[in-house]
Amino acid sequence: ATTSLSSSSVIDIRQGATLDVSASGLAIAAPNTLSGSGTIIGAVTANGAKVTPGGFNAAGTLTLNNQFTLSGASLGYDLSSDPSTAGSGVNDLLSVGGDLTLSGVNNVTLNALNGTLVSGTYRLIDYSGTLAGSAANFAIAGSANGSRRTFTFDTSTPGQVNLVIAGSDPFNLVWKGNGTTNRWNVNGDLNGNNNAEKFFNLDSVTGDDTGTNTPNSELVGDLAPIAI
């Protein structure tokens, strides 16, 4: 049998703590969350659950000493402006002491600890066994989608799941509008900086008296400015 803590919405393994489920393993399903910087002994399956190494807005390494399965899970990572450091309290890391099995699409949301993401290769997962699945089992979710950055998952190095971030920093935009539709959208209308720039998520947007207010501005889709 497999242990299922269905009544626990958050299982938080604090730094220095150990959860031993070696007798039966641990299965976590949606909408529950597994987080922390401690250690779990035994096989773990996250089926639709949320997995957040470290804590909220704080980098940490969650260590799993056996097989780890991610099936349609949601992963939340705190990343610093230093992509060269794996874990070590600088960036979030999942450290798996066994096989890593991937299925479905596991959505990854990113939180920039220093205000913005930078270009580079971030280590997301270490594993010591074999990999079942590929980079195609991961996708970027949240406000990073539609930003000026590009995101590529890479599983080509044995024992590692990496995220390659490229592209450019967010822009500082002054809203102008076009006086015709005044649509605020992502990578659409040229409404910023005297109609020279498009808006992308995580841009900073300023509205002042230089912008047009006729017609009223129309907000289209999911918009995620880092500041207004």
Side-chain angles (χ1 to χ4, degrees), residues 3 5 8-22 25-71 73-102 106-129 131 137-144 149 151 153-155 157 159-165:
T3 300
L5 302 178
S8 300
S9 59
V10 178
I11 302 172
D12 186 10
I13 315 299
R14 301 292 176 88
Q15 187 171 4
T18 298
L19 174 64
D20 189 344
V21 294
S22 56
L26 174 64
I28 307 170
N32 298 338
T33 298
L34 174 65
S35 67
S37 300
T39 300
I40 301 177
I41 301 173
V44 177
T45 297
N47 186 1
K50 185 173 183 178
V51 180
T52 57
F56 176 72
N57 207 38
T61 297
L62 181 60
T63 301
L64 303 104
N65 278 352
N66 208 300
Q67 178 178 337
F68 186 39
T69 299
L70 288 168
S71 179
S74 298
L75 297 101
Y77 278 85
D78 294 311
L79 300 180
S80 74
S81 55
D82 175 16
S84 64
T85 301
S88 302
V90 176
N91 296 297
D92 278 348
L93 178 70
L94 286 170
S95 180
V96 181
D99 297 340
L100 176 64
T101 301
L102 308 172
N106 298 280
N107 289 314
V108 179
T109 57
L110 306 175
N111 175 47
L113 290 170
N114 302 114
T116 184
L117 300 170
V118 302
S119 296
T121 299
Y122 289 86
R123 184 86 51 80
L124 301 185
I125 304 175
D126 280 335
Y127 62 94
S128 63
L131 173 66
N137 293 110
F138 294 100
I140 289 293
S143 59
R149 292 291 183 187
F151 305 92
F153 293 96
D154 181 14
T155 57
T157 302
Q160 299 178 11
V161 175
N162 292 307
L163 174 64
V164 181
I165 300 180

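The first residue of the sequence shown is numbered 1, and numbering continues consecutively from there. Note: hydrogens, waters and symmetry copies are ignored here, and every other heavy atom, side chains too, is used. Note that this is a predicted model, so its numbers are computed, not measured.
- The CG atom of Asp126 lies 11.5 Å from the CG atom of Leu64; values are rounded to the nearest 0.5 Å.
- Under the 3.5 Å distance criterion, with hydrogens and angles disregarded, no donor-acceptor pair is assigned to the side chains of Asn114 and Ser80.
- The side-chain contact (heavy atoms from CB on, under 4.5 Å) test with Leu70 singles out one residue from Val161, Asn137, Leu75, and that residue is Leu75.
- Proximity of a side-chain donor or acceptor of Tyr77 to a complementary backbone N or O of Leu124 within less than 3.5 Å is detected.
- What you find for Pro83 and Ser81 is that their closest heavy atoms are CD-O, 3.4 Å.
- Under the rule for a side-chain contact (heavy atoms from CB on, under 4.5 Å), the partners of Ala112 that lie at least two apart in sequence or sit in another chain are Leu117.
- For residues 50-65, the pairs satisfying side-chain hydrogen bond (donor to acceptor under 3.5 Å, both in side chains) are Asn57-Asn111, with sequence neighbours left out.
- When atom types are taken as modelled, the side chain of Asp92 and the backbone of Gly60 share a donor-acceptor pair closer than 3.5 angstrom.
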Next on the checklist: Between Asp154 and Thr121, is the side chain to side chain contact (heavy atoms under 4.5 Å, CB included) condition met? List the steps.
Outcome noted: CA-CA 9 Å; Asp154 181 14; Thr121 299; 5.9 Å; no

Checklist entry - Do Ser35 and Val10 pass the side chain to side chain contact (heavy atoms under 4.5 Å, CB included) test, and can you show the C-alpha distance, the side-chain angles, and the key distance before you say yes or no? => result CA-CA 7 Å; Ser35 67; Val10 178; 4.1 Å; yes

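- Using a 3.5 Å distance cut-off with no hydrogens or angles, the side chains of Ser22 and Asp20 do pair a donor with an acceptor.
- Between the side chains of Ser119 and Arg149, a donor-acceptor pair is found at a separation under 3.5 Å.
- The shortest heavy-atom contact between Phe151 and Ala144 is CE1-O, 3.5 Å.
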